[in-house]
Amino acid sequence: MNIVVCVKQVPDTATERKLRSDDNTLDRDAADGVVNELDEYAVEEALRLKEAHGGEVTVLTMGPDKAADTIRKALAMGADKAVHLVDDALHGSDALSTSYAMAQTLKKIGFDLVILGSESTDARTGVLAAMLAERLGVAQLTLANKVEVEGSAVTIQRVTDYGYDKVQGSLPAVISVVEKINEPRYPSFKGIMAAKKKPVQKLGAAEAELAADQIGLGAAWSEVTEAAAAPPRAAGTVVKDEGDGGVKTADFLSSKKFI
Amino acid sequence: MSEILVLVEHVDGEVKKVTLELLTLARSLGTPAAVWAGPGYGEPAKARLAEYGAEKVYLADSAEIVDYVVGPKAELLATLVAEKSPAAVLIAATPEGKEIAGRLAIKTDSGVITDAVGLSEGFVADQSIFGGGVNVKSRVTKGTPIIAVRPNSTAPEAAPGAAAEEQVTVTLSDAAKAAKVVERVKQEKGARPELTEAAIVVSGGRGVGSAENFAIIEKLADSLGAAVGASRAATDAGWYPHQFQVGQTGKTVSPQLYIAAGISGAIQHRAGMQTAKTIVAINKDPEAPIFELADFGVVGDLFQVVPQLTEEIEKRK
């Protein structure tokens with residue numbers, strides 16, 4: 001089975017994240033880049049499926065040069081090879097552009113199964129997997145907390161408000177996984193060393209055959225017109241519990257008409 | 001005024017609160033037209049949609065629409081966008097709602113905005129990003145604005161509409177039928193409201209200390225008719241099920257009232273609750289960052305404060 005796992009480098013959520021003041025896009029230099037947490041579950045799931053069914057795991061990322069670190073991590077976990085879609089023309093791509101660029105690349109490199117994390121911790125749109133399924137015309141098996149492949153049939157448990165839906169489709173398909181679907185492995189020393197020798201193919205916009213009017217900030221279907229640091233919340237009242245903390249809290253809730 | 005499509009969220013034939021919020025928002029910007037997808041439509045639903053101002057109800061109530069994941073609803077909306085040329089499409093920003101919005105955006109070559117917490121003239125959306133650290137205004141610049149709006153972004157207000165029904169038939173493409181729902185499994189969730197929709201959420205964190213101790217969080221929640229949430233520390237420890245995790249990698253909630261007990265307020269958690277209107281924190285550590293957000297905070301032992309609060313609420317009801 002030919003599995004492509006999509007990973008994204010995002011600013012570390014533990015640092016202060018910003019938008020660039022010139023074009024309101026993500027400031028990738030302001031914070032350390034790390035692998036999007038939810039993508040680690042996707043990589044782990046891809047590796048497990050490969051271990052169970054054979055085949056190959058290819059890492060696909062789109063991002064600037066430094067996103068290569070994210071590729072290395074996924075390779076160190078055990079993926080076989082990687083494709084890095086990198087081009088200045090991709091800067092500022094919104095979800096529609098990104099899904100276009102990724103779908104084009106996926107068509108080019110081929111796949112049986114595409115696996116993603118359910119969302120990125122920076123943009124948090126949660127739309128990319130669905131958009132890829134739409135653009136590729138394949139089954140959308142998203143928000144999975146369990147994945148089973150049998151022959152060409154893929155069955156997932158899709159997380160819902162009330163529990164889950166059992167959803168079936170056939171290969172090729174796009175899967176997104178939620179947190180806790182598995183326990184992502186740590187790269188071993190051997191894995192880290194091996195990753196250095198694994199092939200990473202860099203693709204520019206022209207090589208991926210991307211239409212210039214579909215990518216980058218200029219092509220975006222939406223725009224950020226204003227961005228500002230959120231004003232700090234007005235300082236509230238903090239009291240020390242002197243044995244009446246619950247009563248005082250109730251007084252506050254009453255004053256706000258919650259009781 | 002031009003029409004604004006609102007995709008109705010419903011369960012067992014009942015319209016969910018977030019839809020009433022979306023109809024209220026739509027009314028401030030145009031003429032709301034509800035889109036009902038899937039079975040369950042009847043008089044109660046119609047009455048509810050009319051009460052909150054739906055001038056029209058586009059009905060696609062065949063079972064087939066919900067037999068497949070996301071694709072059919074996106075195709076239904078794309079058909080309506082082509083036929084009715086609405087000014088915008090509003091969808092609840094639930095995980096599935098956002099997926100529908102995403103596919104619809106591609107089908108209609110339109111821009112999409114997710115997790116709007118407000119919407120004003122010209123369909124300018126307010127978003128709170130990076131865990132609530134940055135506020136942005138954004139707008140769609142191509143096609144029909146498709147906007148996924150977070151539950152609790154506005155208070156629903158009744159204002160009568162005609163709710164004139166119009167049947168819509170969609171012939172689903174094979175692509176829309178590629179992922180079939182073969183079974184729906186309902187897990188016990190009791191009588192509590194749904195986490196993302198609840199007006200009040202009571203969450204417990206590391207300070208709660210064990211699964212058994214979550215009972216005191218649940219009791220407080222039940223006294224307020226609230227949903228129960230948990231921090232990642234608590235779900236990682238296995239004290240509370242993962243689906244109730246509020247935070248960066250869990251659910252995002254925007255309730256009227258959020259009570260955090262035994263939660264320090266790390267960015268991981270704040271990202272999921274910072275847009276709550278009123279925040280109350282109970283924590284024994286006076287330095288806990290959660291107090292920076294709190295409208296009211298108690299530095300104290302949650303095992304003393306929470307039960308006392310629950311008792312006091314019961315008394316005052």
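Just so it is clear: chains get the letters A, B, ... in the order the sequence lines come, proteins before strands, and each one is counted from 1. Atom set for the values below is all heavy atoms of this structure, side chains included, hydrogens, waters and symmetry mates excluded.
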*Asks:* For A/Lys248, which atoms come within 4.5 Å of any heavy atom of chain B: side chain, backbone, both, or neither?
*Replies:* both
*Asks:* Assess, by modelled atom type and distance only, whether the side chains of B/Gln268 and B/Thr249 contain a donor and an acceptor separated by less than 3.5 Å.
*Replies:* yes
*Asks:* Is it true that A/Gln140 and A/Thr142 share a donor-acceptor pair across their side chains at a distance under 3.5 Å?
*Replies:* yes
*Asks:* Chain B heavy atoms under 4.5 Å from A/Asp251: which part of the residue, side chain, backbone, both or neither?
*Replies:* both
*Asks:* Which of the residues B/Lys137, B/Lys98, B/Lys177, B/Gln304 is involved in the greatest number of heavy-atom pairs with chain A at under 4.5 angstrom?
*Replies:*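 Max contact count across the listed options: B/Lys137.
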*Asks:* At a 4.5 Å cut-off on heavy atoms, which part of B/Arg232 comes close to chain A: side chain, backbone, both, or neither?
*Replies:*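 The answer is the side chain of B/Arg232.
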*Asks:* Only pairs of heavy atoms separated by less than 4.5 Å count here; which of B/Val306, B/Asp115, B/Asp109 has the most with chain A?
*Replies:* B/Asp109
*Asks:* Counting only heavy atoms closer than 4.5 Å, note whether A/Thr155 contacts chain B via side chain, backbone, both or neither.
*Replies:* neither
*Asks:* Which answer fits B/Val11, side chain, backbone, both or neither, if we ask what part of it has an atom under 4.5 Å from a heavy atom of chain A?
*Replies:* neither
*Asks:* Find the one option among B/Leu224, B/Asp174, B/Val140, B/Leu104 whose heavy-atom pairs under 4.5 Å with chain A are most numerous.
*Replies:*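 With the most close heavy-atom pairs to chain A, the winner is B/Val140.
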*Asks:* Please enumerate all residues that pass side chain to side chain contact (heavy atoms under 4.5 Å, CB included) together with A/Asp122, with sequence neighbours excluded.
*Replies:*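 A/Asp122 satisfies side chain to side chain contact (heavy atoms under 4.5 Å, CB included) with A/Lys8, A/Val10, A/Pro11, A/Leu26, A/Ser120, B/Phe130 only.
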*Asks:* Any idea which of B/Ile259, B/Ile100, B/Ile129, B/Val70 has the most non-hydrogen atom pairs under 4.5 angstrom with chain A?
*Replies:*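 It is B/Val70.
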*Asks:* Does a donor on one side chain sit under 3.5 Å from an acceptor on the other, for A/Glu44 and A/Asn182?
*Replies:*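 No pair is found: no donor N or O on one side chain lies under 3.5 Å from an acceptor on the other.
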*Asks:* Can I get a per-line list of side-chain donor-acceptor pairs under 3.5 Å for residues 286-297 of chain B, giving both atom names and the distance, sequence neighbours left out?
*Replies:*
residue	atom	partner	partner atom	Å
B/Asp295	OD2	A/Arg233	NH2	3.3
B/Asp295	OD2	B/Ile279	N	2.7

*Asks:* Can you tell which part of A/Val239 gets under 4.5 Å to a heavy atom of chain B, answering side chain, backbone, both or neither?
*Replies:* both
*Asks:* Answer with side chain, backbone, both or neither: which region of B/Leu257 has an atom nearer than 4.5 Å to a non-hydrogen atom of chain A?
*Replies:*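 Backbone plus side chain of B/Leu257, per the 4.5 Å heavy-atom cut-off to chain A.
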*Asks:* Provide the closest heavy-atom pair for A/Ala219 versus A/Gln214 in the form atom of the first, atom of the second, distance.
*Replies:*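 Heavy atoms only, the tightest pair is CB-C, 3.5 Å.
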*Asks:* With a 4.5 angstrom heavy-atom cut-off, could you sort out which part of B/Gln256 is near chain A: side chain, backbone, both or neither?
*Replies:* both
*Asks:* What residue in B/Val181, B/Ile113, B/Thr235, B/Ile106 has the most heavy-atom pairs under 4.5 Å with chain A?
*Replies:* B/Ile106
*Asks:* Report which part of B/Ser223 has an atom under 4.5 Å of a heavy atom belonging to chain A: side chain, backbone, both, or neither.
*Replies:* neither
*Asks:* Quick one: do A/Arg20 and A/Asp27 make a salt bridge, cutoff under 4.0 Å?
*Replies:* no
*Asks:* For residues B/Val136 and A/Ala227, report the shortest heavy-atom separation together with the two atoms involved.
*Replies:*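 Closest pair (atom of B/Val136, atom of A/Ala227, distance): CG1-CB, 3.7 Å.
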*Asks:* Assess, by modelled atom type and distance only, whether the side chains of A/Glu223 and B/Thr141 contain a donor and an acceptor separated by less than 3.5 Å.
*Replies:* no
*Asks:* With a 4.5 angstrom heavy-atom cut-off, is it the side chain or the backbone of A/Val154 that approaches chain B, or both, or neither?
*Replies:*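 When you check distances to chain B, no heavy atom of A/Val154 falls under 4.5 Å.
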*Asks:* I'd like to know which of B/Gln245, B/Gln127, B/Lys317 tops the heavy-atom pair count under 4.5 Å against chain A.
*Replies:*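 Looking at each option in turn, the highest pair count goes to B/Gln245.
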